[in-house]
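Accompanying notes for the structure given below.
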Amino acid sequence: MALSTKRRRAAAAVVSAALLIPLAAACSSSSSSGKDSGSDKTASPSGSSGSAPKAAQLTVLAASSLTDVFKAAGAAYEKGHPGTHVKFSFAGSQELAAQVKQGAPADALVTADTKTMDGLKADVNDSSIIAKNRLVIATGKGNPKKVEGLKNLSDTNLKVVLAAPEVPVGRYSKQVLDAQKITVKPVSQEPNVRAVLSKVELGEADAGIVYKTDAASAKGKVDTVDIPDAQNAVAKYPAATLKTSKNADAAAAFVKWLSTPEAQKILQDAGFQQP
């Protein structure tokens, strides 16, 4: 009798356990579902803030010949990248290189030649060519001295101004003049291409060698004499981020943007050539 009672109780316990297992599973599923739902709600705002653009204050060191076009490019970039502000510092490429070596706080660099950029390999990341340019002769409005080409620049009665030989445009100028075996004695050698252009604009020089884009920016103030392609030099503009940049991602994004169709159109509208 006692044995029979024990068997009945054991059987009842087994049945009860069998009934409790589905109930526990259901509770567990409900609890798990509740956690997932809560996690989704928490993740949503986080995902939203992650996609929002991060504000960045970028300082870009750029060659003087980029002065006008980069102001337009900077405005376009800021419009398409809310929260990012781009500040430019323009000077001769050799001056910019000196600033970089001295640790100037900046995020990106664009020079008017690859030689200057190559000399900063320890300070910059990999560079890419964003544009090209060519040389022209700028003369006073109306070309009063009747300059026709490079050969005229050797005339000692002509006041010619060139950029200093350590400046990219000065180096390019020397290259084309040497190739044609033309000797020029400039009345001054300037620290950047804009200074050369200014001397011609102000009538302090009769002629000077500048980039095509710079002469175009002074349309109506100077005249331009083209230099044939066979006698010309091609200036290349490399862009790179600085290794010391405190805005590495934002700086890299700006440098990459300079090669996009939007940026290239701005550059080409200003007279620069495709890289």
Side-chain angles (χ1 to χ4, degrees), residues 53-101 104-135 167-169 171-172 192-194 210-217 233-275:
K54 294 181 180 179
Q57 302 291 319
L58 296 179
T59 297
V60 179
L61 307 178
S64 294
S65 50
L66 294 166
T67 299
D68 297 312
V69 70
F70 262 20
K71 288 177 181 178
Y77 188 78
E78 290 178 356
K79 184 177 180 180
H81 300 76
T84 295
H85 176 65
V86 186
K87 176 185 176 183
F88 296 104
S89 178
F90 298 104
S93 296
Q94 80 290 349
E95 293 179 43
L96 300 177
Q99 291 176 31
V100 170
K101 289 179 179 178
D107 302 292
L109 170 69
V110 187
T111 61
D113 68 332
T114 55
K115 182 176 180 179
T116 300
M117 187 67 80
D118 289 344
L120 295 169
K121 287 184 177 179
D123 306 285
V124 303
N125 294 304
D126 291 343
S127 65
S128 57
I129 305 299
I130 63 159
K132 292 180 181 179
N133 213 340
R134 286 186 176 274
L135 303 179
V167 184
V169 69
R171 191 159 52 248
Y172 292 132
N192 59 66
V193 69
R194 285 305 172 102
V210 300
Y211 294 120
K212 179 179 180 180
T213 53
D214 289 285
S217 73
V234 179
K236 296 179 181 180
Y237 291 73
T241 58
L242 300 188
K243 291 181 179 179
T244 55
S245 171
K246 294 182 179 179
N247 303 290
D249 291 343
F254 175 73
V255 169
K256 184 177 181 180
W257 177 81
L258 290 173
S259 294
T260 64
E262 179 184 11
Q264 286 297 303
K265 184 178 186 308
I266 295 171
L267 286 161
Q268 288 161 34
D269 285 349
F272 288 87
Q273 298 176 354
Q274 288 184 329

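Here, residue 1 is the first one in the sequence, and each next residue gets the next number. Predicted model, so just to flag it, every value in this text is computed and none were measured. The analysis underlying the following values was restricted to heavy atoms, covering all of them including side chains, and did not include hydrogens, waters or symmetry mates.
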Measuring only between side-chain heavy atoms, which start at C-beta, is Lys87 closer than 4.5 Å to Gln57?
no
In short, Ser259 meets Ile130 closest at the heavy-atom pair OG-CG2, 4.1 Å
Shortest non-hydrogen pair, Trp257 vs His81, comes out as CD1-CE1, 4.2 Å
Do Val69 and Ile266 touch side chain to side chain, with heavy atoms closer than 4.5 Å?
yes
Rounded distance (nearest 0.5 Å) linking atom OG1 of Thr84 with atom CG of Asn247
9.0 Å
For a 4.5 angstrom cut-off between non-hydrogen side-chain atoms, does Thr244 reach Asp123?
no
What is the minimum heavy-atom distance between Gln99 and Ala91, and which atoms define it?
NE2-CB, 4.5 Å
State, yes or no, whether a side-chain contact exists between Leu66 and Phe272 at a heavy-atom distance under 4.5 Å.
yes
Can you tell me if CG on Asp126 sees more than 12 non-hydrogen neighbours from other groups inside 6.0 Å?
no
Work out which heavy atom in Val169 is nearest to a heavy atom in Tyr211; give both atom names and the distance.
N-OH, 3.4 Å
N-O pairing of Arg194 and Asp214 below 4.0 Å
yes
Distance (rounded to the nearest 0.5 Å) between Gln264 CD and Leu258 CG
8.0 Å
Does Lys101 NZ have over 12 foreign heavy atoms under 6.0 Å away?
no
Would you say the side chain of Arg171 lies within less than 4.5 Å of the side chain of Thr116, judging by non-hydrogen atoms?
yes
Can you give me the closest heavy-atom contact between Lys132 and Pro275, atom names plus distance?
CE-C, 3.7 Å
Under a 4.5 Å cut-off applied to non-hydrogen side-chain atoms, are Val86 and Phe70 in contact?
no
Roughly how far, to the nearest 0.5 Å, is CG of Leu120 from OG1 of Thr111?
8.0 Å
Calculate, to the nearest 0.5 Å, the distance between atoms OG and NZ belonging to Ser93 and Lys115 respectively.
12.5 Å
d(Thr241 OG1, Asn125 CG) to nearest 0.5 Å is 3.5 Å
Please report the shortest heavy-atom distance between Val124 and Ala240, naming the atom on each side.
CB-CB, 4.1 Å
Drop me the distance from Asn192's CG to Phe90's CZ, to the nearest 0.5 angstrom.
12.0 Å
Is the number of heavy atoms from other residues, nucleotides or ligands within 6.0 Å of CG (Asp249) greater than 12?
no
Is there side-chain contact between Val234 and Arg134, with heavy atoms separated by less than 4.5 Å?
yes
What do the steps show when you test Thr114 against Ile129 for side chain to side chain contact (heavy atoms under 4.5 Å, CB included), and what is the final call?
CA-CA 9 Å; Thr114 55; Ile129 305 299; 3.8 Å; yes
